[in-house]
S.K.: 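Take a look at this one; I'll ask things after.
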Amino acid sequence: MNLSSAKYRITYEAFSKLSGSLSKVESLEELGTVANRHLKYLFNFRMLRIVMLFKNETAVSFTFLKSKEPKIVDGDELLDYEKELFLVKIPLLRALNTTDLPGYALPLYENWNTPKLWGWHTTSGEREICFSLISDDTESFNHSDMEILNLLVDNITSRYFQIYLGQQLTTKNLRLKDAITQIELKNTEIEQINNNQQDIISQRTEELRYKNKKLLELSKLNAHNLREPLTRILGFLEIADLYSDADLRRIIFPKLKEAALELDLVCKQVVNQSEQTASNANLTENGYD
Amino acid sequence: MTKLLKIMLVDDQKMANFINKKLIEVTDFAESIIDYTLPGAALSELEKEKPDLIFLDLNMPEINGWSFLDALKEKDNQTRVVIVTSSTSDLDKEKAQNYNQVIDFLIKPLNKNTILDLKNKLRPAC
């Protein structure tokens, strides 16, 4: 077995280990930590950065720095060369400038020996991925490592989207649950409003029944009490011509006067009672408003 | 025209009885007229007096016209009744139809013509 095939075998063993571990991770932090732990067995690098675009929005960036904690940033700002990569989609390889580094990586720059910047663009379904690597004379990266880097990027981004979609699902489920709770709450409110309205309707109906009864009483009072003395007056007029003038004055006129006075009294009573009924009705009505 | 009838007037208003009595006299409607302002007294003397016809007011204190009719029913007294009321309410007129012995429903004031109409109505029966 020659050296390169031995290296190849070891690398693939390392990769299958990483792949197995990645398939078990549950969170983004864990994804970063696991990838970071295995990276050094796959190829040489100073910094590896993977940025994912989803529907033209930066979804996430992973930055791995040798012997440092990985950095995972949601909705990260793109670096200038990354913007270029997303635009032109042509792989790049050139000397590294300090302006190519995110702020937190800047202090490491002086430890690197003639660092080089590698960059690639790829797509996977609706996602656009840009990944870049910094190597130097000590940690040299070459084209033979490309295959394993591609596999790694594919693995990390796939896992990321699985976790992302899982989280989305959980969030949506929570929102749905929230919505259902809201709907139930509103239903209860509506039910209460309906019940209240039923109460108000029966109260108003009771009120109307009472008013109607009062009106009926009033109309009965009018029919009986008001007409009674009037019918007497009319009755006297009916029989008036059966009397002589003298008898008319002596017998009928005093009775006529008596009946007329009674009619006057009842008229006053009717007016009083009408006013009372009206003002009672108003009072009760105001009580409801 | 022969005077055959004995009429009982029941009205709490003395003057109403006075007027109706005069109208009955002048129209030659009845042979004799007895009048009551207390319905209770009228009821208790009903058996003794045996009138042919009762002129009954509806709106009276204590015993109103309806109670009077119920009392007649209770006694199984079949004396014919003419309701004479100052009420123009249709409800009363409808209610009167529940009593078989009520033969007419007259609204005050009565006049000679209403009495004469009644007289004609009753003639075949007399």
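Chain identifiers are assigned alphabetically (A, B, ...) following the order of the sequence lines, protein sequences preceding nucleic acid strands; residue numbering begins at 1 within each chain.
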S.K.: For side-chain contact (heavy atoms from CB on, under 4.5 Å), just list the numbers for Ile239(A) and Val26(B), CA-CA rounded to whole Å, side-chain angles, deciding distance to a tenth of an Å, and then say yes or no.
M.R.: CA-CA 9 Å; Ile239(A) 59 171; Val26(B) 85; over 6 Å; no

S.K.: Could you look at Leu230(A) and say if it's the side chain, the backbone, both or neither that has a heavy atom under 4.5 Å from chain B?
M.R.: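 Nothing of Leu230(A), per the 4.5 Å heavy-atom cut-off to chain B.
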
S.K.: Salt bridge (Lys or Arg N to Asp or Glu O under 4.0 Å) with Asp104(B): which residues, sequence neighbours excluded?
M.R.: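 Listed in chain order: Lys121(B).
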
S.K.: Short of 3.5 Å, which donor-acceptor contacts do chain B and chain A share? List atoms and distances.
M.R.:
| residue | atom | partner | partner atom | Å |
| --- | --- | --- | --- | --- |
| Gln13(B) | OE1 | Arg232(A) | NH1 | 3.4 |
| Asn59(B) | ND2 | Asn225(A) | OD1 | 3.4 |
| Ser86(B) | O | Arg227(A) | NH1 | 2.9 |
| Lys108(B) | O | Arg227(A) | NH1 | 3.2 |
| Lys108(B) | O | Arg227(A) | NH2 | 3.2 |

S.K.: Nearest 0.5 Å, what's the CZ-CD1 distance between Phe18(B) and Ile251(A)?
M.R.: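 Output value for this atom pair is 6.0 Å.
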
S.K.: So, taking the atom named CD1 in Ile19(B) and the one named CG in Leu234(A), what distance separates them when rounded to the nearest 0.5 Å?
M.R.: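 CG of Leu234(A) is found 9.0 Å from CD1 of Ile19(B).
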
S.K.: What are the two closest heavy atoms between Pro109(B) and Gly235(A), and how far apart are they?
M.R.: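 The answer is CB-N, 3.8 Å.
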
